[in-house]
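Structure first, then comments.
Each residue takes its place number in the sequence, starting with 1.
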Amino acid sequence: MTGAGIAALAVLALLLFGTGFLLGRTARPVRTSDVGTPVEHATFETLHTASLAAPPLRAGLTEESARRSARGLRSLLGTDALCLTDRDRVLVWDGEGEHHGKDVMHHVRGLLASGRDTAFHSDCGDLDCPLRWAVAVPLTVDHRVLGTLVAYAPRESAVLARAAGEVARWVCVQLELAELDRSRTQLIEAEIKALRAQISPHFIFNSLAAIASFVRTDPERARELLLEFADFTRYSFRRHGEFTTLADELHSIDQYLALVRARFGERLSVTLQVAPEVLPVALPFLCLQPLVENAVKHGLEGAVTLPRSSGGLERPGDAPIRITISALDAGAEAEVVIEDDGTGMEPERLRKVLRGEGGASSGIGLLNVDERLRQVYGDEYGLVIETGVGAGMKITLRLPKYRAGVHGS
């Protein structure tokens, strides 16, 4: 929760304490084991109740999130009834006098248009109904009114009106976080689409050409390679899951390398070292594969296509390349290292690539993976890259074995 959100809750606690007093509520008796003043107790109770109401709202303003959060929100206000609406209908009613729900949208119509708080008398004909007055507050995100929070009480109360405004603002913070979560998900999906777009048409063409070359001479090999190609493309273009496991990512890399070997034969030498205990570790989808593709591109393919002016070093067209991939246990983390003895690049050029200044066709995979790792785990988990002209490249990344919200699928 932001500092502003905590401050708002502290103010809200004071308001709610006063609300309960003015509306004739009785506070929870103070036990002799309790420590602190009544105001401090009100603050702690408010923070606890708010923490219970927050998670559902992080899903956005829906009927389900409203239903799950309404009881907590009404408890925060200490009022007889509360309802949440979107722009079209009542999402949930919690408390007494549910028959008032049919009139809510009529009362908040002006609020939805203006975005301003409003108060109104309930005009209830039931003499036994305690709900005589209500205050409605807009729920706004990015200057858009998404819905309303309406609190009902037996009589007018300026304190309840102020408290309802504070609760509504706190709800808006949660809804803004939900919007950020959605934006983050959309950004990650866009980044994965960018990585998928990087799967070179030349690689696909060359893989199919290599498979075709075995059709007559070695049909069984052609069949195996075709299955590897199908599995590799199926994994790369899958549509579910933001995260995967080291086991699945390494399996996809193995399929990719099998297709590369079919084209380059003995020119490619790969050493794989994996600790079994790190195989279940979750990581962002398509995180390692672009790094291995980079090693191949600037090794085998770079030996033919990479000019001196690009910052690399020319190698003979038939020069072999060695790639080492290790995934080892490092206590609370898994350490993955991908190393090649290819052409490498100038450190300054690498820095430009990681700043997004390398050009549309240069190092997009490195930048993409580095940004996603930092986004998921924090800046201390970005790529560590060692390289130099003619010195190959060594890429190291650390993956926490556990991080909340990161689960392989």
Side-chain angles (χ1 to χ4, degrees), residues 180-199 235-236 238 240-253 256 272-275 277-298 323-340 344-345 347 349-358 360 362-387 392-409:
L180 288 175
D181 285 343
R182 275 194 289 271
S183 298
R184 173 179 172 273
T185 300
Q186 291 170 354
L187 177 61
I188 289 174
E189 289 175 351
E191 290 172 339
I192 291 175
K193 287 179 181 178
L195 280 180
R196 286 169 173 160
Q198 274 191 272
I199 297 176
Y235 175 81
S236 298
R238 75 176 193 176
H240 68 282
E242 179 182 333
F243 302 100
T244 187
T245 63
L246 259 176
D248 286 344
E249 193 80 352
L250 290 171
H251 180 63
S252 177
I253 288 171
Y256 168 78
L272 193 63
Q273 184 181 8
V274 180
E277 55 267 32
V278 303
L279 290 176
V281 173
L283 72 163
F285 177 61
L286 282 185
C287 192
L288 301 185
Q289 188 175 297
L291 306 182
V292 176
E293 291 180 14
N294 181 76
V296 171
K297 177 181 178 182
H298 293 293
I323 297 177
T324 302
I325 304 170
S326 62
L328 304 178
D329 188 3
E333 300 172 339
E335 183 179 82
V336 180
V337 179
I338 299 170
E339 188 171 7
D340 69 77
M345 69 171 67
R349 178 171 175 250
L350 174 62
R351 282 190 283 270
K352 288 183 178 180
V353 167
L354 294 177
R355 290 197 299 264
E357 301 171 2
S362 176
I364 298 175
L366 291 178
L367 175 61
N368 187 300
V369 172
D370 183 65
E371 288 180 340
R372 286 196 292 142
L373 287 172
R374 294 175 187 274
Q375 187 178 59
V376 172
Y377 301 119
D379 284 338
E380 66 273 23
Y381 285 96
L383 296 178
V384 177
I385 305 177
E386 303 168 59
T387 189
M393 185 176 288
K394 179 180 179 181
I395 303 176
T396 304
L397 60 151
R398 295 176 297 117
L399 302 167
K401 288 183 178 176
Y402 173 78
R403 180 59 59 94
V406 179
H407 305 287
S409 59

Q | Glu339/Ile395 under side-chain contact (heavy atoms from CB on, under 4.5 Å): CA gap, chis, key distance, verdict | A | CA-CA 6 Å; Glu339 188 171 7; Ile395 303 176; over 6 Å; no
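- What you find for Met393 and Asn294 is that their closest heavy atoms are SD-ND2, 3.6 Å.
- There is a side-chain donor-acceptor pair under 3.5 Å between Glu293 and Gln289.
- The side-chain contact (heavy atoms from CB on, under 4.5 Å) test applied to Glu335 returns Ala330, Val337, Thr396, not counting sequence neighbours.
- Of all heavy-atom pairs spanning Ala334 and Leu246, the tightest one is CB-CD1, 4.2 Å.
- In this structure, CG on Leu288 lies 4.5 Å from CD1 on Ile253, to the nearest 0.5 angstrom.
- Put simply, the side chain of Cys287 does not reach to within 4.5 Å of the side chain of Phe243, judged on heavy atoms.
- Arg372 contributes a side-chain N or O that, together with a main-chain N or O of Phe285, makes up a donor-acceptor pair within less than 3.5 Å.
- Under the 4.5 Å side-chain criterion, counting only non-hydrogen atoms from C-beta, Leu291 is in contact with Leu397.
- Counting heavy atoms from C-beta on, the side chains of Val376 and Tyr381 never come closer than 4.5 Å.
- Between atom CD of residue Glu371 and atom CG of residue Leu366 there is a gap of 11.0 Å, rounded to the nearest 0.5 Å.
- The structure places CG of Asp340 at 6.0 Å from CD1 of Ile323, a figure rounded to the nearest 0.5 Å.
- Between Ile385 and Lys394, every side-chain heavy-atom pair lies at or beyond the 4.5 Å cut-off.
- Here the straight-line distance linking atom CG of Asp248 with atom CG of Leu250 works out to 9.0 Å at 0.5 Å rounding.
- Rounding to the nearest 0.5 angstrom, the gap separating the CG atom in Leu373 from the CG atom in Leu283 is 8.0 Å.
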Q.
Let's go through Val281 and Tyr402 carefully: what are the C-alpha distance in whole Å and the side-chain angles of both, what is the deciding distance for side-chain contact (heavy atoms from CB on, under 4.5 Å) to 0.1 Å, and is it a yes or a no?
A. CA-CA 8 Å; Val281 173; Tyr402 173 78; over 6 Å; no
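- Residues forming a salt bridge (Lys or Arg N to Asp or Glu O under 4.0 Å) with Glu333 (at least two apart in sequence, or on another chain): Arg398.
- Distance CD/Gln273 to CG/Leu328: 5.0 Å, rounded to 0.5 Å.
- Taking 4.0 Å as the cut-off between side-chain N and carboxylate O, Asp329 and Lys401 count as a salt-bridged pair.
- Taking the side chain as every heavy atom from C-beta outward, Leu279 and Thr245 never approach each other to under 4.5 Å.
- Here the rule is side-chain contact (heavy atoms from CB on, under 4.5 Å) with Arg349, and of Met345, Arg351, Lys352 only Met345 fits it.
- A 4.5 Å side-chain heavy-atom check between Tyr377 and Pro284 finds at least one atom pair inside the cut-off.
- Although no hydrogens or angles enter the test, the distance criterion places no donor-acceptor pair under 3.5 Å between the side chain of Asp379 and the main chain of Arg374.
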